[in-house]
Amino acid sequence: MIDPRLLRDDPDRVRAGQAKRGLSADVVDHALAADEQRRSSIAEYERLRAEQKQLGKQIPQAQGEEKQALLERTKTLSADVKKAEAAQGEAEQTYRELLMAIPNVAADEAPAGGEDDYAVLEEVGTPRDFAAEGFEPKDHVELGRILGAIDVERGAKVSGARFYYLTGVGADLELALVNMAMDQARGAGFTTMIPPALVKPRAMEGTGFLGQAADDVYRIEGDEMYLVGTSEVPLAAYHSDEILDGRSLPLRYAAFSPCFRKEAGSYGKDTRGIIRVHWFDKVEMFSYTTVEESEAEHQRLLGWEKEWLEKLELAYRVIDTAAGDLGLSAQRKFDCEAWIPTQGRYRELTSTSNCTDFQARRLDIRGRFEDGVKPLATLNGTLVAIPRTIVAILETHQQADGSVRVPAALQPYLQGRKILEPVVG
RNA sequence: GGAGGUGUCGCCUAGUGGCCUAUGGCGCCCGCCUGCUAAGCGGGUUGAGGGUUACCCCCUCUCGCGGGUUCAAAUCCCGCCACCUCCGCCA
């Protein structure tokens with residue numbers, strides 16, 4: 001939810017924000033009108049209610065006919081108050097729905113436009129030149145089969161398309177990556193977390209995943225529950241309805257959790273392998289801080305993501321996502337994209353978003369500071385999304401014989417293995 | 001899933017229809033006192049919204065949440081949620 005103050009005092013900024021995302025500004029005008037309506041209905045209700053309270057006080061003291069007259073008047077007043085209250089509630093809800101539909105105002109620095117209008121901030125490392133080395137790289141599905149690491153056929157048999165089993169060294173790889181990521185996060189001062197992956201509507205709604213993103217969310221039939229698409233959801237909702245001590249900030253959490261995505265609208269995209277799947281595990285970083293500090297915190301999250309990719313010895317680039325490709329809650333987003341040899345292009349491995357006070361307003365997360373109580377800022381960033389990271393590692397570090405070199409930093413987490421050897425021909 | 005109990009301000013707590021504009025304590029903040037500290041004394045201390053706006057001030061809502069009864073609800077009634085105890089089931 002954007003700051004209602006901003007909408008009222010500077011609606012042009014909000015309109016500009018809509019335009020930058022390629023969205024209509026109509027909702028802004030509708031929300032402004034609803035705000036007017038809401039305020040006048042509040043005034044009307046409060047006027048009647050004050051009168052009712054005033055008269056109510058006189059009744060116990062009144063006697064006889066005077067009392068009868070008062071009772072007569074308050075009886076009709078009582079009905080008016082009820083009506084006014086209902087009208088106010090309705091106006092309030094209309095306003096709130098419109099306000100909630102407005103996405104966070106993109107940062108000035110974020111590029112305008114859609115998916116393809118990102119800005120490349122930097123490229124780190126050099127994509128490996130397999131032609132120069134004299135062999136054709138195998139893709140991760142083939143490598144996964146040779147190593148006995150990934151079983152997509154049985155994943156499809158048991159759970160359907162876009163499911164997989166990690167087996168043997170594949171399973172070992174996930175556990176190694178998770179432990180390594182958690183060690184890095186712990187070392188950076190994060191509190192480690194294992195959050196629930198099944199949440200109530202409030203958490204989903206509060207993080208902005210029930211708007212246009214709702215198609216991508218699994219809902220549990222018969223219960224008002226959702227499977228999270230990222231642990232950002234339970235981590236943001238963790239402190240909902242709380243007022244945190246401003247001196248305790250920033251609060252940083254790193255969570256390991258499964259993630260579930262319907263991938264609606266992605267039919268035909270990335271159908272091969274485990275680049276795009278309905279379920280995967282992830283270690284996610286999450287920060288609570290002040291709006292003023294959020295930009296610096298965003299850079300720190302990006303820094304930890306880069307540190308992570310460098311330890312895995314991957315070639316990657318950082319992009320500044322265009323406004324139209326930001327989630328509802330985000331004001332700015334950086335993606336780290338690793339080079340995938342068999343695709344000949346960079347693919348998103350991690351992503352970090354600054355949601356400023358957008359989610360905090362929806363979830364009622366505030367901080368107490370010397371100058372009062374204010375909504376906090378929330379930020380999230382991927383440390384490791386398992387399947388894509390495995391894809392990048394296998395494809396990047398493969399050798400001509402189908403074996404895969406283990407990056408030095410990962411070796412201690414893989415029982416000291418330096419090479420993953422093929423188990424089938 | 002069944003039965004019973006509980007839910008009041010950061011924490012504990014008083015409050016059984018109008019004098020609740022919610023009590024008292026702890027903690028916290030400000031001040032006084034004081035070699036230092038502690039103690040003592042005085043004051044302050046839920047949050048949201050509206051009006052007004054330099055500051056102040058006024059009003060409404062907020063006793064787990066939502067309805068209802070009533071001129072009037074923390075208080076009575078109904079539903080929901082959370083926690084506790086017991087039973088059943090279960091990894």
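Bear in mind that the values here come from a model prediction, so they are computed numbers and not experimental data. Below, chain A is the first sequence line, B the second, and so on; all start at residue 1.
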Legend entry - Residues A/Arg252, A/Glu297: salt bridge by 4.0 Å N-O rule: yes
Inset, instruction - Please confirm whether any donor atom in the side chain of A/Glu46 sits under 3.5 Å from an acceptor in the base of B/G49, or the reverse. - result: yes
Legend entry - Toward the 5' end of RNA chain B, by each residue's nearest nucleotide, A/Lys53 or A/Val373: A/Val373
Legend entry - Distance test, side-chain N/O of A/Gln52 to OP1/OP2 of B/C71, below 4.0 Å: no
Inset, instruction - Verify the contact: side-chain N or O of A/Arg368 to OP1 or OP2 of B/G47, cut-off strictly under 4.0 Å; return yes or no. - result: yes
Inset, instruction - Can you label the angle between the A/His239 ring and the A/Tyr253 ring as parallel, tilted or perpendicular, going by 30° and 60°? - result: tilted
Legend entry - Step-by-step salt bridge (charged side-chain N to carboxylate O under 4.0 Å, His left out) determination, A/Lys311 to A/Glu307: CA-CA 6 Å; A/Lys311 283 194 289 197; A/Glu307 176 189 339; 3.7 Å; yes
Legend entry - N or O in side chain of A/Lys82 less than 4.0 angstrom from B/A72 OP1/OP2: no
Inset, instruction - By nearest nucleotide on RNA chain B, pick out whichever of A/Arg47 and A/Asp364 is the more 5' one. - result: A/Asp364
Inset, instruction - May I ask you to verify if any side-chain N or O of A/Ser78 is less than 4.0 angstrom from the OP1 or OP2 atom of B/A72? - result: yes
Inset, instruction - Take atom CZ of A/Arg49 and atom C1' of B/G50, then tell me their distance rounded to the nearest Å. - result: 15 Å
Inset, instruction - Give a yes/no on whether any side-chain N or O of A/Arg38 is located under 4.0 angstrom from OP1 or OP2 of B/G50. - result: yes
Inset, instruction - Check whether any side-chain nitrogen or oxygen of A/Arg39 sits under 4.0 Å from OP1 or OP2 of B/G51, and answer yes or no. - result: yes
Legend entry - B/A22 and B/U70, which share atom name P, separated by this distance in whole Å: 27 Å
Inset, instruction - Tell me whether the OP1 or OP2 atom of B/C65 has a side-chain N or O from A/Arg202 closer than 4.0 Å. - result: no
